Amino acid sequence: MLDPKLLRSQLDEVAERLARRGYTLDTERFRALEARRKEIQTRTQELQSLRNSRSKAIGKAKAQGEDIQPLLDEVAELGERLKASEQALRELQAELDAFLLEIPNLPDDSVPVGEDEEDNLELRRWGEPPQFDFEPRDHVDLGAPAGLLDFEAAAKITGARFAVMRAGIARLHRALIQFMLDTHTREHGYTEVYVPYLVNRDSLYGTGQLPKFAEDLFHVEGEHDWYLIPTAEVPVTNLARDEILPDEALPQRLVCHTPCFRSEAGSHGRDTRGLIRQHQFEKVELVQFVRPGESWDALEALTAHAEAILQKLELPYRVVALCTGDLGFSSAKTYDLEVWLPGQGRYREISSCSNFLDFQARRLKARWRNPETGKPELLHTLNGSGLAVGRTLVAVMENHQDAEGRIHVPKALQPWMGGIEVIG
RNA sequence: GGAGGGAUGGCUGAGUGGUCGAAAGCGGCGGUCUUGAAAACCGUUGAGGCGCAAGCCUCCGGGGGUUCGAAUCCCUCUCCCUCCGCCA
């Protein structure tokens, strides 16, 4: 959520910056809501003040044994007016809150202006796409024939967009998770956390999945109002919800492996082949809570931590700055890491690293105590994939294949593979 | 699943329907003392909103109700704890 004070004081500037990301802010509506809010709030508070002072007077008079009936008559219809006014204020505030919750974050000034992913800005490349003296296969052709990847079995058990893995590929998949967790904890200073995979509504509001993106989520039926997590970002970032962290506790670097569940409601017909877009996939997520002054440096560091995984796995990739039109709802700036996939002959997103500034923190009431002022202030949140495991598996298979269709395990990963160097 | 007990400021924990936004302790901050530190002592210290300010308003798990007035009474929901049962 944006700072309501900012909207009140610099509405036109805010509207201009939101327009860059293709969002039209209804400034007239906001002005109208604000004007009414101010009026009703003032009136309500006057009535409350009057009630408070009258009630105190009654208490005092009663204590001194005076006749309180005249005073009671005086406030006779005050209660009704106050109740009506409070009700009106509540309704208007709800309307205003709903309006504010729909507004995306302001793009940082360094974000390239553009409409869609075509306008994203490539910042750098690492590694060379491998040259094969044979026609490289995609991961489905590499895994499916031997049953190492089995989409038919998954379709029978559940449906489309699920996968079954077996033997060496299942092992490789698990090794990637352990490798990522160990690298981030041992080399990048992250603390590993384990969290619930089902979350309540408050958590989804906190990180911004609700109210706007309910259709992307799986909602669990039953007595509890729970949702399957679409990313570890939700439970992990919500660790800071309603907290006031001491200065010493910052910055916090958290790494978490979870499965992720996405309905993919709007993506029928896209990426229907293979592991690229699944309803269930594993991801190792990096989350940071930092002091407000530190978040831009933290974004660069976090992105480098995700890149380190690709480098160790010898996977060619490029770093892209998302343009204003492609930016996620809560993000002020996002770097995507795109890995080279020989099977598709192009770079595909494998990690998305974002600085949310105080946008999530405001919804979450995630704060720290600033030692300079002694007061609680909003902290900054960041996250990034480090990495999406399913897509990393695809990348390893396709980039490290040989003419016989076998997969060569990258050196850095071998300690996690129990001696297996070649799969297939 | 059955029975009971709870939810109060950064933390622990008092609280009779009427100066209670809330005792006390801890912690934090400032000071006295000290070469310095500790101890002791003194002072200070909840969060949020509106307003240029003075100030006003809200908040004692969430929601609703009773009342001139609710942390305190009633209803409801959520969460936590203890015991029993079941269970990976």
Side-chain angles (χ1 to χ4, degrees), chain A residues 1-11 30-31 33-101 194-206 210 220 222-227 235 238-250 252 289 291 358 361-379:
Chain A
M1 190 161 80
L2 292 177
D3 187 353
K5 285 194 193 114
L6 187 71
L7 278 146
R8 285 198 286 266
S9 62
Q10 304 180 37
L11 185 59
F30 181 76
R31 272 189 245 271
L33 285 171
E34 260 302 306
R36 282 189 59 210
R37 192 223 87 223
K38 208 162 181 171
E39 180 203 323
I40 297 175
Q41 183 168 344
T42 307
R43 191 182 73 213
T44 305
Q45 294 191 353
E46 279 169 3
L47 289 171
Q48 285 172 330
S49 182
L50 188 60
R51 176 204 59 194
N52 290 346
S53 61
R54 295 294 84 187
S55 293
K56 270 181 188 166
I58 291 171
K60 216 171 265 174
K62 206 174 172 186
Q64 293 171 358
E66 295 170 13
D67 179 18
I68 60 170
Q69 194 51 48
L71 289 167
L72 287 178
D73 294 341
E74 202 177 317
V75 294
E77 33 81 77
L78 181 62
E80 288 310 309
R81 282 169 61 206
L82 178 57
K83 203 168 278 183
S85 191
E86 282 178 334
Q87 178 63 21
L89 181 60
R90 251 201 309 277
E91 283 169 12
L92 191 73
Q93 195 60 54
E95 210 177 326
L96 202 48
D97 287 345
F99 181 80
L100 290 171
L101 281 173
Y194 172 85
V195 294
Y197 302 157
L198 291 164
V199 293
N200 58 35
R201 268 166 185 284
D202 286 345
S203 294
L204 291 159
Y205 271 96
L210 291 179
V220 177
E223 60 169 322
H224 292 104
D225 188 23
W226 288 337
Y227 292 79
N238 272 277
L239 287 170
R241 171 152 56 90
D242 294 324
E243 299 288 335
I244 301 175
L245 301 174
D247 184 55
E248 314 86 75
L250 297 177
Q252 270 191 42
F289 305 134
R291 300 177 189 95
D358 60 10
R362 184 167 294 105
R363 291 171 161 232
L364 292 161
K365 293 188 186 66
R367 294 168 293 173
W368 68 301
R369 196 171 289 281
N370 184 345
E372 305 273 315
T373 62
K375 295 290 176 190
E377 295 173 12
L378 295 173
L379 45 76

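Order of the sequence lines fixes the chain letters, A, B, ..., with proteins taken first and strands second; residue numbering starts at 1 for each chain. Since this is a predicted model, take the numbers as computed values, not measurements.
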Taking the [atom1] atom in each of [N] and [M], what is the distance between them to the nearest angstrom?
{"N": "B:G30", "M": "B:A38", "atom1": "P", "result": "12 Å"}
{"N": "B:G62", "M": "B:G10", "atom1": "P", "result": "14 Å"}
{"N": "B:C60", "M": "B:A39", "atom1": "P", "result": "36 Å"}
{"N": "B:C56", "M": "B:G21", "atom1": "C1'", "result": "15 Å"}
{"N": "B:C80", "M": "B:U8", "atom1": "P", "result": "14 Å"}

Less than 4.0 angstrom between a side-chain N/O of [X] and OP1 or OP2 of [N], yes or no?
{"X": "A:Arg369", "N": "B:A47", "answer": "yes"}
{"X": "A:Lys56", "N": "B:C20", "answer": "no"}
{"X": "A:Ser49", "N": "B:C57", "answer": "yes"}
{"X": "A:Arg201", "N": "B:G62", "answer": "no"}
{"X": "A:Asn52", "N": "B:U58", "answer": "yes"}
{"X": "A:Arg51", "N": "B:U67", "answer": "no"}

- Query: Has the side chain of A:Lys62 got a donor or acceptor atom sitting under 3.5 Å from an opposite partner on the base of B:G18?
  - Reply: yes
- Query: Taking for each residue the nucleotide of RNA chain B bearing the nearest heavy atom, is the 5' side occupied by A:Glu377 or by A:Leu72?
  - Reply: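 The answer here is A:Glu377.
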- Query: Which residue, A:Lys375 or A:Arg90, contacts RNA chain B at a nucleotide closer to its 5' end, judged by nearest heavy atom?
  - Reply: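 Nearest-nucleotide comparison on RNA chain B picks A:Lys375.
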- Query: Using purine N1 to pyrimidine N3 plus N6-O4 or O6-N4 for Watson-Crick, or N1-O2 and O6-N3 for G-U wobble, each under 3.5 Å, what pairs with B:G46?
  - Reply: B:C59
Assign [X] to base, sugar-phosphate, or nothing according to its heavy-atom contacts below 4.0 angstrom with the strands shown.
{"X": "A:Lys365", "answer": "nothing"}
{"X": "A:Arg43", "answer": "nothing"}
{"X": "A:Pro376", "answer": "sugar-phosphate"}

- Message: What I want to check is whether the side chains of A:Arg363 and A:Tyr205 have a donor and an acceptor closer together than 3.5 Å.
- Response: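 Result is no, nothing qualifies.
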- Message: Assess, by modelled atom type and distance only, whether the side chains of A:Gln41 and A:Gln93 contain a donor and an acceptor separated by less than 3.5 Å.
- Response: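 Their side chains do not contain a donor-acceptor pair, so the 3.5 Å distance test is not met.
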- Query: Does a side-chain N-to-carboxylate-O contact under 4.0 Å join A:Arg367 and A:Asp242?
  - Reply: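 No, this pair does not count.
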- Could A:Asp247 and A:Arg369 be called an ion pair, given the rule that one side-chain N must be under 4.0 Å from one carboxylate O?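 Salt bridge: no.
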